[in-house]
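Data first, discussion second: the structure below is written as structure tokens.
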Amino acid sequence: MNDIEPTPSLQGQTVVVLGGSSGIGLETARLARSAAAEVIVTGRDSERLRQAGVELGAVRTAQLDLADAAGISEFFEGLSAPVDHVLVTGGGPTYGTIADLDFDDARRVLDEHLLGSLRVARHAAHSVRAGGSLTLITGSHARRPGPGLSIAAIAAAAVPVIAANAAVELSPVRVNAIAAGFVDTPLSARLLGAELETRRAELRQTLPIHRVVNAADVAATALHLMTNTAVTGATYDVDGGQQLIP
Ligand SMILES: NC(=O)c1ccc[n+]([C@@H]2O[C@H](COP(=O)([O-])OP(=O)(O)OC[C@H]3O[C@@H](n4cnc5c(N)ncnc54)[C@H](OP(=O)(O)O)[C@@H]3O)[C@@H](O)[C@H]2O)c1
């Protein structure tokens, strides 16, 4: 087997971002473009996806739901050539105590995050070139049990396991995960509504980094995991130390 050389640059490489029309995914696609990569982005909402595609100068956009197994197959089978890197972001979250859990919603979120990641991993085995990468995004804050966190916690516990097992099975394609804490994205704004500014202020005061983590922070780690060919099966925390505070 030939040695896989380190590839510190993304220049001329193709990066697929599933969930690339907003937040962490969009910022990762922007950073990849600024590193001279070509990008392919997906999302569910056609107008948001169109705008992202235009802004990024994407080589392709595709409407895709991570819960849609057939759609995922169709997307990967439609790639004209092996790609270099795939990032999976999007899907969920859902919060609710066990007493109030909406099981249909819980099933949907677990299907998107867990089976969705496995479905993408199955395709990445054939669609990503040797030494390329698959990166999965999950959360860190639900590692500590709390009311309403059980589904988020299951996803946060399982995604690193998926990454590690897929890293073994997909070798020499590398598979890693990023566990994010609070990230200042449109999703966080939607979830918190009028509470957003209070939450930002609280995080500035309490996080060891004394600032709020943003999508560019996570994107920088995503690009590192794409280009550092020594890393596989790992989960990198990007949470400003959120899990360290009481
Ligand atoms: N923001 C945080 O604080 C935080 C912390 C930890 C983990 N995360 C996780 O990180 C991921 C990205 O979060 P974000 O804050 O960047 O969210 P965002 O700003 O809402 O962006 C999510 C992206 O994924 C797409 N998407 C969402 N659900 C999808 C689905 N089921 N199938 C396909 N595409 C989907 C969205 O487009 P469409 O809606 O048009 O499909 C959009 O492009 C999520 O899985 C979230 O749970 C976020």
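We use all heavy atoms of the structure for the numbers below, so side chains are in, but hydrogens, waters and symmetry mates are not. Counting convention: from 1, in listed order, for ligands and their atoms alike. This is a predicted model, so every value here is computed, not measured.
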If you count the non-hydrogen atoms of other residues, nucleotides and ligands that lie under 6.0 Å from CD in Glu74, is the total more than 12?
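Atom CD in Glu74 is not crowded, with 12 or fewer foreign heavy atoms closer than 6.0 Å.
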Residue Gln205 excluded, over 12 heavy atoms near CD under 6.0 Å
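No, not enclosed.
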Using a 4.0 Å cut-off on heavy atoms, what residues surround ligand 1? Order them by chain and number.
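Within 4.0 Å of ligand 1, protein side: Gly19, Gly20, Ser21, Ser22, Gly23, Ile24, Gly43, Arg44, Asp45, Arg48, Leu64, Asp65, Leu66, Thr89, Gly90, Gly91, Pro93, Glu112, His113, Ile137, Thr138, Gly139, Ala180, Gly181, Phe182, Val183, Thr185, Pro186, Leu187, Ser188, Arg190.
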Is the closest side-chain donor-acceptor distance between Gln51 and Glu55 under 3.5 Å?
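Looking only at side-chain atoms, Glu55 and Gln51 do not form any donor-acceptor pair under 3.5 Å.
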Looking just at side-chain N and O atoms, do Ser140 and Asp237 make a donor-acceptor pair shorter than 3.5 Å?
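No - no donor-acceptor pair under 3.5 Å links their side chains.
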For residues 186-195, which residue pairs pass the salt bridge (charged side-chain N to carboxylate O under 4.0 Å, His left out) check, not counting sequence neighbours?
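Qualifying pairs, neighbours excluded: none.
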Just to verify, which of Thr14, Val128, Val15, Val173 counts as forming a side-chain contact (heavy atoms from CB on, under 4.5 Å) with Val86?
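In the set Thr14, Val128, Val15, Val173, the residue that makes a side-chain contact (heavy atoms from CB on, under 4.5 Å) with Val86 is Val128.
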